[in-house]
Amino acid sequence: MTPYILLLVGTEAMLIMALLAVLYFVRRHRAQLKNHEHIQQLKIEHQESMISELVYSTEKERKRIAQEIHDDVGQSLLLLRLKLNELHSTSALKELVDTILTSLRNIAYDLYPSGLASFGLTHELEHLFDLAQDRGINVKDEYHGTLHTNSDQELAIYRVVQELISNTIKHSKAESIEFSIESVENELQLKYADNGIGMDVSDSSRGMGMLNIESRFSAIQAESNVITTPGQGFKLIARLSTPTTAQKNITLA
Amino acid sequence: MLFELAGKFLGLTPFFVLFPLVIYSLRWRHLGLTERLIGGYLIVSMLAGFLSYYLWVFGMENLWVLHIYLALELPFILLAFTSIPQMRKWRSLAIFFSALFTIFSLVNSMYIQPIDTFNSNGKIVESLIVSSICILALISISSGNLNTAITKLPMFWISSGILIYYSSSIFIFGLSNDILHRVRNLNLIIWSFHAMMVFLEYVLISIGFSKARRI
């Protein structure tokens with residue numbers, strides 16, 4: 001009987017071993033996938049923190065330069081303007097100083113929108129859209145709910161809208177912009193659309209602007225989605241969690 | 001009753017291969033090179049199976065078909081497995097083994113196990129080589145694809161099917177000439193078990209073909 005037992009046991013044993021081997025590879029691969037996903041997640045988190053740090057330091061530097069321009073160069077020019085008044089200088093010289101002062105104010109404001117802290121995000125966005133309207137674009141902007149955003153989020157949203165308007169004016173040949181910002185509980189939804197020529201997402205010339213927008217959103221952990229194809233206009237929808245009033249107070253403190 | 005059923009089941013064995021071949025032809029456009037070569041192996045199996053069955057039905061000697069089939073089967077399998085991107089480094093070794101195995105099969109058929117006997121020696125060696133290459137393939141597949149679940153990869157199912165069939169058949173092939181023909185009923189049970197393993201192999205290969213998605 002021994003050869004028969006050997007045949008039966010051997011065959012069964014080999015079958016079981018083969019099945020166990022397959023099972024082992026499935027479990028091994030699952031563990032590897034999990035580990036790989038964990039590493040990828042860590043890489044993304046690291047990248048996001050780098051972007052956030054970069055955006056933060058850039059803004060800090062821009063704010064410092066804007067303040068220098070405003071407080072130092074701007075004040076000196078104002079003083080010069082007063083002196084010119086006292087000396088009864090020619091109006092051409094005074095006009096030149098006024099032009100330089102206006103330019104400096106604009107540069108300082110572009111560098112850092114100091115009005116965000118004083119007048120709030122809605123006011124500053126309206127100001128940006130007014131500039132777009134001055135360029136002949138029809139704007140329909142809507143603001144719903146009370147915005148509970150912190151200063152980082154406000155600055156990021158401002159920069160994104162600034163970039164979007166700049167793209168619309170420079171590249172899209174659009175006639176109108178529709179914008180809305182809605183705050184519901186602890187979530188904020190932002191929609192921006194123009195009726196221009198749209199864009200090819202792979203176009204590198206507009207890629208930098210979009211990269212800038214992505215970086216800004218990434219720094220404030222916002223989710224964004226761009227819907228555009230050449231000839232079909234441009235649309236961006238973004239969502240982000242806003243802090244509760246208590247959290248906002250802590251951030252500001 | 002049980003033995004009658006086993007006998008009928010055995011009679012159906014040559015037709016099992018049609019199942020993966022139907023899936024193969026339906027999924028042809030989505031199949032990669034490796035899966036297409038596996039299809040080639042199945043076609044060779046089908047031709048050998050049908051010829052063997054035809055000869056058996058008309059009471060003629062059919063074991064010589066197995067001798068020829070054996071010399072073709074292993075090179076096909078090795079060629080298919082070494083076309084997996086992570087397995088290409090083994091191709092030279094696979095060609096060497098294929099040539100060596102063909103020579104071994106010829107020597108075995110001419111001097112050790114004549115063509116009117118079951119070529120168990122060749123089948124054992126082939127089973128060992130194929131089981132090893134399947135294990136190697138599973139290692140390579142599981143290490144080289146970290147973006148997709150292994151169960152979504154066609155070659156995982158195909159390798160598993162081939163591994164289960166060949167490893168579980170080693171003892172059947174090894175002892176078939178010595179003991180199986182002595183007791184008819186045991187012979188029937190063991191070959192029915194073998195047929196079940198063939199069926200399982202083809203089901204898993206069919207699942208593999210159905211998972212293929214051309215990028």
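Within every chain, numbering begins at 1; the chains are lettered A, B, ... in the order of the sequence lines, protein sequences first and strands thereafter.
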Would you call [X] and [Y] a side-chain contact if the rule is heavy atoms closer than 4.5 Å?
{"X": "A/Arg30", "Y": "B/Ile150", "result": "no"}
{"X": "A/Arg28", "Y": "B/Ser143", "result": "yes"}
{"X": "B/Phe156", "Y": "A/Val26", "result": "yes"}

[atom1]/[X]: more than 12 non-hydrogen atoms of other groups inside 6.0 Å:
{"X": "A/Glu48", "atom1": "CD", "result": "yes"}
{"X": "B/Met46", "atom1": "CE", "result": "yes"}
{"X": "B/Phe15", "atom1": "CZ", "result": "yes"}
{"X": "B/Phe199", "atom1": "CZ", "result": "no"}
{"X": "A/Gln40", "atom1": "CD", "result": "yes"}

ask   = Between A/Ile16 and chain B, which part of the residue has a heavy atom less than 4.5 Å away: side chain, backbone, both or neither?
value = neither
message = Please classify the contact of A/Glu37 with chain B as side chain, backbone, both or neither, using a heavy-atom distance under 4.5 Å.
response = neither
When rounded to the nearest 0.5 angstrom, what is the spacing between [atom1] in [X] and [atom2] in [Y]?
{"X": "B/Phe171", "Y": "A/Leu7", "atom1": "CZ", "atom2": "CG", "result": "8.5 Å"}
{"X": "B/Ser142", "Y": "A/Arg27", "atom1": "OG", "atom2": "CZ", "result": "14.0 Å"}
{"X": "A/Phe25", "Y": "B/Ile139", "atom1": "CZ", "atom2": "CD1", "result": "4.5 Å"}
{"X": "A/Leu15", "Y": "B/Ile164", "atom1": "CG", "atom2": "CD1", "result": "7.0 Å"}
{"X": "B/Phe193", "Y": "A/Glu12", "atom1": "CZ", "atom2": "CD", "result": "5.0 Å"}
{"X": "A/Met17", "Y": "B/Leu163", "atom1": "CE", "atom2": "CG", "result": "9.5 Å"}

ask   = When only pairs under 4.5 Å are counted, which of B/Ala149, B/Gly174, B/Ser159 shares the most heavy-atom pairs with chain A?
value =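 Ranked by contacts with chain A, first place is B/Ala149.
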query = If you count heavy-atom pairs under 4.5 Å with chain A, which of B/Thr148, B/Ile135, B/Ile141 comes out on top?
reply =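 Of B/Thr148, B/Ile135, B/Ile141, B/Thr148 has the most heavy-atom pairs under 4.5 Å with chain A.
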query = Between B/His194 and A/Thr11, does a side chain to side chain contact (heavy atoms under 4.5 Å, CB included) hold up when you go through it step by step?
reply = CA-CA 10 Å; B/His194 173 262; A/Thr11 304; over 6 Å; no
inquiry  = For B/Ile190 versus A/Leu8, what's the shortest heavy-atom pair and its separation?
reply    = CD1-CD2, 3.7 Å
task = Give a yes or no on whether the backbone of B/Leu146 and the side-chain of A/His29 come within a donor-acceptor separation of less than 3.5 Å.
result = no
inquiry  = My understanding is that only one of B/Ser131, B/Ser167, B/Ser169 makes a side chain to side chain contact (heavy atoms under 4.5 Å, CB included) with A/Met14; could you say which?
reply    = B/Ser167
request  = Against chain A, label B/Ile170 side chain, backbone, both or neither, depending on which of its atoms sit under 4.5 Å from a heavy atom there.
outcome  =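 The side chain, not the backbone.
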